[in-house]
Protein chains: 2
Amino acid sequence: MKIDKKDIQRAEIFKVLSDPNRLQMIRILYQAHRELTCGEVGEKLDLSKSTVSYHFKKLRKVGLTNTRKEAQIKYLSINMDAFTEFLPFFLDTL
Amino acid sequence: MKIDKKDIQRAEIFKVLSDPNRLQMIRILYQAHRELTCGEVGEKLDLSKSTVSYHFKKLRKVGLTNTRKEAQIKYLSINMDAFTEFLPFFLDTL
DNA sequence: ACTTTAGTTCGATGATCATCGAACTAAGAA
DNA sequence: TTCTTAGTTCGATGATCATCGAACTAAAGT
């Protein structure tokens, strides 16, 4: 049996969700109820700028977050549409 | 901010779901509506016995599947309880 | 013109991953 | 008791991962 193309896509999203730091970033964005800058999010996690940038690129790539750039500042927000299906599963502690 | 223990658990489950072959195994079990042996599942995927065994151990470890052993044969089935929350997300093509 | 601020990109590193074949175990069949 | 069947465990391998600091870019502040 050949690998289903759709499974590859889904697996990709799950891979992005398979890192505790990224899950925490998602929750921070979710709780904020507003756009946050990379710096704001990065501050709360004990991670270097480059690492935070790396993670956000991954989240963006699969459409879990939105990005808005204003001058040199980058505003992050959660893309609710991508989450509504299974958000309760991993945000159930909120 | 310290890493949330619950996020580590969740990330672990997502990691198990982040492989296309494992997703396909899950779907095969789901569609079968009965227990299947490792061999039956492995046959449908072009993977060696050892690789299939490796994947099933991972699925079992996080509780996504159930196991029943009878003599040397191992019967696999999906653990629905673990899935009901977000099953529709990745089985939506069924 | 310099400096600070915000973020990206670039190696490098150590860790984990998926995969295989080969060797092993345990049980049923001949 | 020997042979087959069903699955596990064990290196080995090449790939991807998360992380960092350093160097870079681009814009704003002084």
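Each chain gets a letter, A, B and so on, in the order its sequence line appears, and its residues count up from 1.
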Below 4.0 angstrom from OP1 or OP2 of [N], is there any side-chain N or O of [X]?
{"X": "Lys74(A)", "N": "dT8(C)", "result": "yes"}
{"X": "Lys57(A)", "N": "dT9(C)", "result": "yes"}
{"X": "Ser53(A)", "N": "dT8(C)", "result": "yes"}

Roughly how many Å is it from [atom1] in [X] to [atom2] in [N], rounded to a whole number?
{"X": "Arg68(B)", "N": "dA6(D)", "atom1": "CZ", "atom2": "P", "value": "15 Å"}
{"X": "Glu40(A)", "N": "dT5(C)", "atom1": "CD", "atom2": "P", "value": "15 Å"}
{"X": "Lys69(B)", "N": "dA6(D)", "atom1": "NZ", "atom2": "P", "value": "13 Å"}
{"X": "Tyr75(B)", "N": "dG7(D)", "atom1": "OH", "atom2": "C1'", "value": "13 Å"}
{"X": "Phe56(B)", "N": "dT9(D)", "atom1": "CZ", "atom2": "P", "value": "15 Å"}
{"X": "Asp46(A)", "N": "dT19(D)", "atom1": "CG", "atom2": "P", "value": "11 Å"}

Which one, dC20(D), dA6(D), dC20(C), comes nearest to the side chain of Ser50(B)? dC20(C)

The side chain of Ser48(B) is closest to which nucleotide in this list: dG7(D), dG7(C), dG21(C)? dG21(C)

Validation row: [X], [Y] side chains within 4.5 angstrom (heavy atoms):
{"X": "Lys61(B)", "Y": "Val16(B)", "value": "no"}
{"X": "Thr67(B)", "Y": "Leu76(B)", "value": "yes"}
{"X": "Arg34(A)", "Y": "Leu36(A)", "value": "yes"}

For the [atom1] atom of [X] and the [atom2] atom of [Y], what is their distance to the nearest 0.5 Å?
{"X": "Glu12(B)", "Y": "Ser18(A)", "atom1": "CD", "atom2": "OG", "answer": "10.0 Å"}
{"X": "Glu40(A)", "Y": "Leu29(A)", "atom1": "CD", "atom2": "CG", "answer": "10.0 Å"}
{"X": "Lys58(B)", "Y": "Leu17(B)", "atom1": "NZ", "atom2": "CG", "answer": "12.0 Å"}
{"X": "His55(A)", "Y": "Ile26(A)", "atom1": "NE2", "atom2": "CD1", "answer": "11.0 Å"}

Heavy atoms under 4.0 Å is the rule here; annotate nucleotides 24-30 of chain D 5' to 3' with B where the base is hit, S where only the sugar-phosphate is, and - elsewhere. ---BS--

For Tyr75(A), the hydrophobic cluster (side chain heavy atoms closer than 4.5 Å, chained through members) also holds Ile73(A)

Result of checking Val52(A), Ile28(A), Thr51(A) against Leu45(A) for side-chain contact (heavy atoms from CB on, under 4.5 Å): Ile28(A)

Protein and nucleotides 16-18 of chain D: nitrogen or oxygen contacts under 3.5 angstrom:
unit_1: dA18(D); atom_1: OP1; unit_2: Arg22(A); atom_2: NH1; d: 3.4
unit_1: dA18(D); atom_1: OP1; unit_2: Arg22(A); atom_2: NH2; d: 2.7
unit_1: dA18(D); atom_1: OP2; unit_2: Tyr54(A); atom_2: OH; d: 2.4
unit_1: dA18(D); atom_1: OP2; unit_2: Lys58(A); atom_2: NZ; d: 3.4

